[in-house]
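We count ligands from 1, going down the list as the structure has it; atoms in each ligand are counted the same way. Bear in mind that the values here come from a model prediction, so they are computed numbers and not experimental data.
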Amino acid sequence: MPDTAQMPFNTTRVRTLTDLRSAVAALRDGGRTVGFVPTMGALHDGHIALVRHAKSLCDTVVVSIFVNPLQFAPTEDLDRYPRDEAGDVARLQAVGCDLVYLPTPDVLYPKGFVSRIEMTGPALGLETDFRPQFFSGVATVVSKLFNQVRPGVAVFGEKDFQQLAVVRAMVRDFDMGIDIVGMPTVREPDGLALSSRNAYLSAEERAIAPNLHTALEAIRDGKTTIDEAKAGLVAAGFGQIDYIALRDADTLGEVTGDTRARRLLAALWLGKTRLIDNIAA
Ligand code: PAF
């Protein structure tokens with residue numbers, strides 16, 4: 001049964017598909033519109049901005065919290081990914097989220113689950129060169145969540161810019177009829193993009209981390225080349241640079257004469273933490 005245990009703002013928590021379906025049906029009652037924000041929890045102000053925006057666009061908002069094993073390689077941080085269900089639910093209550101969906105892996109991937117969505121187009125290169133499992137895992141879970149919640153609008157952060165492009169392509173190609181809305185990255189005052197993985201950074205690494213955004217701005221402004229910026233980041237204390245690349249913002253392919261907007265995207269390591277960021281360029 002849904003747990004409505006006297007939570008302020010009438011936020012309902014559900015964990016099963018049956019409960020989700022009846023709770024969403026109740027939200028939809030009378031023709032109310034449903035906005036959706038899928039997350040992996042460890043919510044920060046960037047997530048809350050997505051929820052607020054979904055609320056401004058729709059009558060009701062559903063947020064899912066699910067650390068999706070399909071998008072992690074066996075060597076990655078699935079087991080240590082930050083989890084804070086109580087804190088997350090409290091933040092969602094405070095922002096007036098109507099429904100929190102907290103499925104367990106067996107709810108999303110019951111015994112015998114064998115399907116995967118494989119994306120090409122904007123999924124090619126960049127993240128895929130370093131995390132080949134990632135977009136198949138994201139597309140598979142997001143399509144499942146979309147089918148379960150059936151929102152009219154779903155809001156994603158531009159911090160995961162390639163993910164946003166992949167989700168847009170999937171929704172278009174599979175005629176899902178969901179309006180995908182991207183929201184600008186929320187940053188710390190020193191420029192560091194908010195990320196649940198920032199919690200992994202030591203104090204020393206946290207002081208180094210804003211150099212990434214500064215370097216992207218310097219490249220954008222023509223003050224440095226990508227190669228010079230990479231050298232500067234290594235000198236500042238970053239480890240392996242997976243990529244810093246200027247791409248067509250629509251296709252995420254190479255910039256061509258037809259490019260209407262450009263995006264500068266980066267992924268690199270700081271100690272044991274992989275950071276990603278991107279800006280318009
Ligand atoms: O961006 C995320 O948090 C995840 O990739 C998403 C979209 C919730 C899918 O697991």
Side-chain angles (χ1 to χ4, degrees), residues 15 20 35-51 53-54 61-73 76-85 87-89 91-92 97 99-109 113 115-119 122-123 126-128 130-149 151 153-171 174 176 178-186 193-200 252 265 267 273-278:
R15 296 181 192 277
L20 175 77
F36 180 46
V37 181
T39 80
M40 297 206 300
L43 302 181
H44 50 65
D45 287 352
H47 294 112
I48 299 305
L50 305 183
V51 179
H53 194 59
V61 176
V62 179
V63 173
S64 62
I65 297 179
F66 179 64
V67 183
N68 173 34
L70 281 194
Q71 66 193 71
F72 290 78
E76 292 182 347
D77 56 343
L78 174 63
D79 291 338
R80 70 183 188 117
Y81 194 85
R83 289 165 171 86
D84 177 16
E85 182 181 312
D88 288 346
V89 172
R91 293 207 70 176
L92 292 172
C97 167
L99 176 62
V100 188
Y101 179 37
L102 298 143
T104 44
D106 57 305
V107 170
L108 266 279
Y109 307 122
F113 183 89
S115 304
R116 296 286 184 280
I117 292 189
E118 292 298 337
M119 296 296 299
L126 301 172
E127 285 300 289
T128 297
F130 298 90
R131 306 184 70 196
Q133 79 296 336
F134 182 65
F135 287 121
S136 172
V138 168
T140 301
V141 79
V142 170
S143 68
K144 274 211 74 144
L145 291 167
F146 282 174
N147 285 333
Q148 294 181 343
V149 176
V153 173
V155 185
F156 289 80
E158 286 185 348
K159 158 133 186 307
D160 295 278
F161 196 83
Q162 192 177 10
Q163 169 175 279
L164 174 60
V166 166
V167 170
R168 281 193 205 284
M170 178 183 78
V171 165
F174 288 105
M176 290 181 173
I178 298 167
D179 188 11
I180 303 300
V181 176
M183 283 283 290
T185 302
V186 178
L194 295 196
S195 164
S196 305
R197 289 189 168 100
N198 291 351
Y200 298 153
L252 289 185
L265 304 104
T273 307
R274 188 170 183 272
L275 300 178
I276 61 170
D277 201 352
N278 67 86

In ligand 1, which numbered atoms sit nearer than 4.0 Å to a non-hydrogen atom of Val141?
->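 That gives atoms 9 (C), 10 (O) of ligand 1.
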Residue Thr39 vicinity, atoms of ligand 1 by number, heavy atom under 4.0 Å | 8 (C)
Scan side-chain atoms only and decide if Ser136 and Glu118 contain a donor-acceptor pair under the 3.5 Å cut-off.
->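 Yes, side-chain donor-acceptor contact under 3.5 Å.
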Exercise: do Asn68 and Tyr81 side chains pair donor with acceptor under 3.5 Å |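 There is no such pair between these side chains.
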Who's the nearest protein heavy-atom neighbour of [atom], and how far?
atom	answer
atom 9 (C) of ligand 1	Gln71 OE1, 3.4 Å
atom 2 (C) of ligand 1	Gln163 NE2, 3.9 Å
atom 3 (O) of ligand 1	Met40 CG, 3.6 Å

Presence of salt bridge, Arg131 and Glu76, under 4.0 angstrom = yes
Residue part near ligand 1, for Val167, under 4.0 Å between non-hydrogen atoms =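 Neither; nothing of Val167 gets under 4.0 Å from ligand 1.
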At their closest point, which heavy atom of Leu145 faces which heavy atom of Ser64, and how far apart are they?
->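 Looks like CD1-OG, 3.8 Å.
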Looking at Val51, Asp84, Val63, Asp45, which one forms a side-chain contact (heavy atoms from CB on, under 4.5 Å) with Arg91?
->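 Exactly one option meets the side-chain contact (heavy atoms from CB on, under 4.5 Å) with Arg91, and it is Asp45.
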